[in-house]
Amino acid sequence: MSNRRTFMEQCVKGAAGFAVSGLVSSRRILGANDRIRFGLIGCGSRGKEIFQAAMRCANAEAVAAADVYTRRLEEARAMAPKIKTYKDARALLDDQSVDAVLIATPQHQHALNFVPAIQAGKDVYQEKTMAFSPDHAKRMRKALDGSGRVVQVGIQMISGPGMTMVREFATPERMGVITAIHTHHYRNAPYGGWMRDIPSDCDASHVDWKAFQGEAATTAFDPQRYVNWRFFWDYSGGNVFENMVHQVGYWHTVLKLTIPQAVTMTGANCLSPKMQPPDVMDVTMRHSDKLLFTWNSMFSNDYYGEGHDLLLGTKGTIVHDPTDKPRYLPQGEKSARAAEDATAPAGDYADATDAHMQNFFDCVRSRKEPACPFEIGFRSAIACQMAVRSYREGRTVTWDEKLEDIV
């Protein structure tokens, strides 16, 4: 009996220690069939898209939403009439009925919502680009370390059907030595398709402007800055943060890449005078003496489409495009008629978002690592930050130079 009593006392003490350290949540333990109750922080266009994807997932229930703009809360409530709504995200995080949160705020706000969400014991689906600055990235990593929380970063094509096939293709036997990755993101849309009209009620009485600004430079209320925040360096990294990060994260996952040693970005704003970031750009990332990763983008021509990638090796080439139907071409084969052409299921970004979200909720239950874990988001974010810094300062940004700033 004494041995049993000692054993039980040790179990209780151990569980208490885990709870204090954050390795065991103080909230309810989820069973295999329990509904995961989730909230949304940031109810703009992308926020509503991932909110809908989450509501389509098995055994998941929308229970709350938070946004600094009353109109966005009304739009979220129209999608899920029974949810609670909050103008202050901190009140949502205090809500013990919420198991997990989806964060889809503007990029400068990501860390400001992520860190308290982790501290509140919530699992997190974090939209990309995961971190706005090296300081934000470090703060997010510090909060996550030892917390036991599940984090999925919203680089959704990692959950697309083509990922398995790309991994099968990207072997030394098929590819030989991989020396280059060429990636493209092309749109023929003014301002990248991001120009939003200003709603009539977008004013200081309906928007918590101080909360929106967060740690950004303080300015007077400006509805243009709020609605079209992607046009301003204070809140956005331009298309590097919007779309390069998808392709960087994808190939980081396939090839297990680290943060690039050096990044150079050049560009120009040719047709988007209201936007500070460029609308035509080229980025070169040197990952080693034997691997160069390039990305280019523009908003005035759609020749390559959105997300056209080539992985180039001495023995073959992998072609990956937005259909998520990868093709392998042996060296010397320039036709798209490779034997593997028809073997991968076609998909798109919407399909991948659903799969990515379901993977997140599955991992919330199992406590396994999700498809796009924090570290992929971290390394992708740092690569993007180095690119933007290179463009704004007009020079190459090197890893050695950034070592103390980043890690």
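Side chains included, hydrogens not; waters and symmetry mates left out as well; all remaining heavy atoms used. Small disclaimer: the values here were computed from a predicted structure and weren't measured.
A donor-acceptor pair under 3.5 Å links the side-chain atoms of Q109 to the main chain of A211, judged by distance alone. Looking at Q152, its side chain does come within 3.5 Å of a backbone N or O of H356 through a donor-acceptor pair. D234 places no side-chain N or O within 3.5 Å of a backbone atom of A217 that could act as its donor or acceptor partner. Between the side chain of S390 and the backbone N or O of M386 there is no donor-acceptor pair closer than 3.5 Å.
The two residues N269 and P273 come nearest to each other via the heavy atoms OD1-N, 3.8 Å. Across every non-hydrogen atom of A383 and M285, the tightest pair is CB-SD, 4.3 Å. Residues A131 and F241 approach most closely at O-CE2, 4.1 Å, considering heavy atoms. Here the closest non-hydrogen pair linking G267 and P278 is C-CB, 4.3 Å. Taking all atoms of both residues into account, the shortest heavy-atom contact from L73 to A65 is CD2-O, 3.8 Å.
Contact of the V227 side chain with the C202 side chain is registered, since non-hydrogen atoms from C-beta on lie closer than 4.5 Å. Inter-residue side-chain proximity for W194 and N239 is flagged as met; some heavy-atom pair is nearer than 4.5 Å. Here the side chains of M281 and T266 are not in contact, with every heavy-atom distance at 4.5 Å or above. Between V263 and V283 the shortest side-chain heavy-atom distance falls below 4.5 Å. The shortest side-chain heavy-atom distance between W295 and T284 does not fall under the 4.5 Å cut-off. Proximity of P370 to V150: side-chain heavy atoms (C-beta onward) are separated by under 4.5 Å at one or more points. The side-chain heavy atoms of P199 and Y69, taken from C-beta on, include a pair separated by under 4.5 Å. Looking only at side-chain heavy atoms (C-beta outward), L311 and H320 stay at 4.5 Å or farther from each other.
In this structure, F221 and W209 have perpendicular ring planes: the angle between them is above 60°, well past the 30° mark. Taking the six-membered ring where tryptophan is involved, the planes of F374 and F114 are tilted, since the angle between them lies from 30° to 60°. Between H252 and F293, the angle of the ring planes lies from 30° to 60°, which puts this pair in the tilted group.
By the 4.0 Å N-to-carboxylate-O rule, K210 lies too far from E215 to be salt-bridged with it. Between D208 and K87 no salt bridge is recorded (no basic side-chain N to carboxylate O distance below 4.0 Å). The pair R367-D123 counts as a salt bridge, with a side-chain nitrogen and a carboxylate oxygen less than 4.0 angstrom apart. Salt-bridge formation is not detected for the pair R71/E74: no Lys NZ or Arg NE/NH1/NH2 atom is positioned less than 4.0 Å from an Asp or Glu carboxylate oxygen. The existence of a salt bridge linking E173 and K315 is excluded, since no basic side-chain nitrogen approaches an acidic carboxylate oxygen closer than 4.0 Å. Remark: D99 does not engage R35 in a salt bridge, criterion side-chain N to carboxylate O under 4.0 Å. In this structure, D302 does not pair ionically with R187, as no charged nitrogen and carboxylate oxygen lie closer than 4.0 Å. With salt bridges taken as basic N to acidic carboxylate O contacts below 4.0 Å, none links D34 and R365.
Separation of atoms OH (Y125) and CZ (F361) is listed at 9.5 Å; rounding is to 0.5 Å. Separating the CZ atom in R286 from the OG1 atom in T294 is a distance of 14.5 Å, to the nearest 0.5 Å. Note: L291 CG to L257 CG = 6.0 Å, rounded to the nearest 0.5 Å. Expressed to the nearest 0.5 Å, how far CG of D201 lies from OG1 of T70 amounts to 5.5 Å. Atom OG of S380 is separated from atom CE of M130 by 9.0 Å, given to the nearest 0.5 angstrom.
Under the side chain to side chain contact (heavy atoms under 4.5 Å, CB included) test applied with L144, the options R139, R149, E375 reduce to a single match, R149. Among E242, H136, K128, the single residue meeting the side chain to side chain donor-acceptor pair (under 3.5 Å) criterion with Q107 is E242.
For the residue pair S159/N359, the side-chain donor-acceptor check at 3.5 Å is not satisfied. A donor and an acceptor atom, one from each side chain of Y86 and D95, are located under 3.5 Å apart. There is a side-chain donor-acceptor pair under 3.5 Å between D309 and W251. In this model, no donor atom of one side chain and acceptor atom of the other lie less than 3.5 Å apart for Q358 and D354.
The side-chain contact (heavy atoms from CB on, under 4.5 Å) search around A80 returns F51, M55, A62, I83, not counting sequence neighbours. Under the side-chain contact (heavy atoms from CB on, under 4.5 Å) criterion, L310 pairs with H182, H308, L312, T317, V319, not counting sequence neighbours.
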message: Between Y235 and F212, does the ring-ring contact (aromatic ring centres under 6.0 Å, His included) criterion hold? Intermediate values first, please.
response: CA-CA 10 Å; Y235 323 119; F212 170 81; 5.1 Å; yes

message: Pair F231, Y191 - check ring-ring contact (aromatic ring centres under 6.0 Å, His included), show working.
response: CA-CA 9 Å; F231 296 178; Y191 291 93; 5.2 Å; yes

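Note that R174 lies outside the cation-pi zone of F169, set by a 6.0 Å cut-off to the ring centre and a 45° limit from the axis.
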